[in-house]
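Notes for the one structure printed next.
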Amino acid sequence: ADLAGTDGWILVGGFKRVAARMVQLLTPLAHERVTEVESLDVHSSDAQLAEIARSGASRLRDMLDDRRIGEIVDLAGAHGLGAVGPAEAREALDQSSVYDLYITHRYVEDHAPEAEDAIRAALVQDASIEEVSGPAAERLSQYGGMAAGLRFRPSPVEHAGAVSS
């Protein structure tokens, strides 16, 4: 846990019973950053270790991204600190209220200029940016391919020609 610091992934392998116990002991110290990798073996080559580490870290990242997108969807539904879909995310980006931006590769491919503008706007406000894959991308695709966690809720945009009372 000390070696991983506050944001490193911890992949545990070896004897099944020992690895399971290590995961159990490490999880409270590195919540959501620990996983057991079945294919890790003392006889693994450096190339195999690198591939196992890449695959395990990718699996953890996908799981964390999917969980965060679920949180953002819930927050947006409750009019909280979440914006779901390109229009809501763009509005939040325009008001510099984005904390983290999630985008699918499909959205980047299909809407390259809009995706580039969104990413630039997120960078200007020091938001973290994740291009998601796996289950996170599947979930996010249901909402148009973009979502944002917010620092604060943007104020409603006044539409041209709206009558105020």
Side-chain angles (χ1 to χ4, degrees), residues 1-12 23 26-35 37 50-165:
D2 287 343
L3 288 173
T6 59
D7 60 359
W9 303 115
I10 301 173
L11 307 174
V12 180
V23 168
L26 288 168
T27 297
L29 302 172
H31 184 63
E32 297 182 335
R33 297 184 296 121
V34 180
T35 193
V37 287
E51 177 55 29
I52 291 165
R54 187 204 60 73
S55 177
S58 180
R59 198 170 62 245
L60 278 168
R61 168 54 60 200
D62 288 349
M63 188 174 64
L64 192 62
D65 287 346
D66 188 43
R67 184 172 294 134
R68 177 64 178 139
I69 289 167
E71 290 171 357
I72 290 171
V73 168
D74 290 345
L75 289 166
H79 302 290
L81 298 179
V84 177
E88 276 191 41
R90 185 70 240 182
E91 185 177 320
L93 285 162
D94 289 345
Q95 294 189 36
S96 298
S97 68
V98 173
Y99 176 76
D100 49 0
L101 178 69
Y102 293 86
I103 193 164
T104 64
H105 184 71
R106 167 75 56 204
Y107 184 85
V108 172
E109 284 183 336
D110 294 348
H111 306 280
E114 294 89 348
E116 185 176 333
D117 287 345
I119 291 167
R120 285 180 196 268
L123 287 171
V124 166
Q125 54 199 276
D126 292 324
S128 67
I129 303 162
E130 288 289 334
E131 183 179 302
V132 296
S133 59
E138 291 174 24
R139 182 191 301 243
L140 192 53
S141 290
Q142 297 173 17
Y143 299 98
M146 189 185 306
L150 307 177
R151 290 183 173 96
F152 57 89
R153 191 90 194 136
S155 38
V157 174
E158 298 281 330
H159 295 288
V163 179
S164 57
S165 46

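With contacts defined as side-chain heavy-atom distances shorter than 4.5 Å, the pair Y107/E114 qualifies. Using a 4.5 Å heavy-atom cutoff, the side chains of T35 and V23 are not in contact. With a 4.5 Å cut-off on side-chain heavy atoms, L75 and L150 do not count as touching. Between L29 and V34, every side-chain heavy-atom pair lies at or beyond the 4.5 Å cut-off.
What you find for A83 and A92 is that their closest heavy atoms are CB-CB, 4.4 Å. Shortest non-hydrogen contact noted between I103 and M146 is CD1-CE, 4.0 Å. Of all non-hydrogen atoms in D126 and R151, the two that sit nearest each other are O-NH2, 3.4 Å. Heavy atoms only, all atoms of each residue included: T104 and A137 are closest at CG2-O, 3.7 Å. When all heavy atoms are compared, the tightest approach of I72 to A148 is CG2-O, 3.4 Å. Here the closest non-hydrogen pair linking L140 and A147 is CD1-CB, 3.5 Å.
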Residues L93, D117; criterion side-chain contact (heavy atoms from CB on, under 4.5 Å); working and verdict: CA-CA 10 Å; L93 285 162; D117 287 345; over 6 Å; no

CA sep, side-chain torsions, deciding dist, call: W9, L64, side-chain contact (heavy atoms from CB on, under 4.5 Å): CA-CA 11 Å; W9 303 115; L64 192 62; 3.9 Å; yes

Stepwise side-chain contact (heavy atoms from CB on, under 4.5 Å) test for I52 and L11: CA-CA 9 Å; I52 291 165; L11 307 174; 5.5 Å; no

Test log, rule side-chain contact (heavy atoms from CB on, under 4.5 Å), inputs S155 and Q95: CA-CA 8 Å; S155 38; Q95 294 189 36; 3.1 Å; yes

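The closest donor-acceptor contact from the side chain of S128 to the backbone of D100 lies at 3.5 Å or more, if one exists at all. A donor-acceptor pair is defined here as one N or O able to donate and one able to accept, closer than 3.5 Å; no such pair exists between the side chain of R33 and the backbone of I10. Within the 3.5 Å criterion, the main-chain N or O of G82 finds a donor-acceptor partner in the side chain of R153. Under a 3.5 Å cut-off, the side chain of S58 and the backbone N or O of R54 do not form any donor-acceptor pair.
For the atom pair OH of Y143 and CD1 of I69, the computed distance is 10.5 Å after rounding to the nearest 0.5 Å. Annotation: the span from D65 atom CG to L60 atom CG amounts to 11.0 Å, rounded to 0.5 Å. Remark: D94 CG to E91 CD distance equals 8.0 Å, nearest 0.5 Å. With values rounded to the nearest 0.5 angstrom, R106 atom CZ is found 11.5 Å from E131 atom CD.
Under the side-chain contact (heavy atoms from CB on, under 4.5 Å) rule, D66 has a single partner from R61, R139, E138, which is R139.
Between R67 and E71 there is no salt bridge, since none of the side-chain N atoms of the basic residue sits less than 4.0 Å from a carboxylate O of the acidic one.
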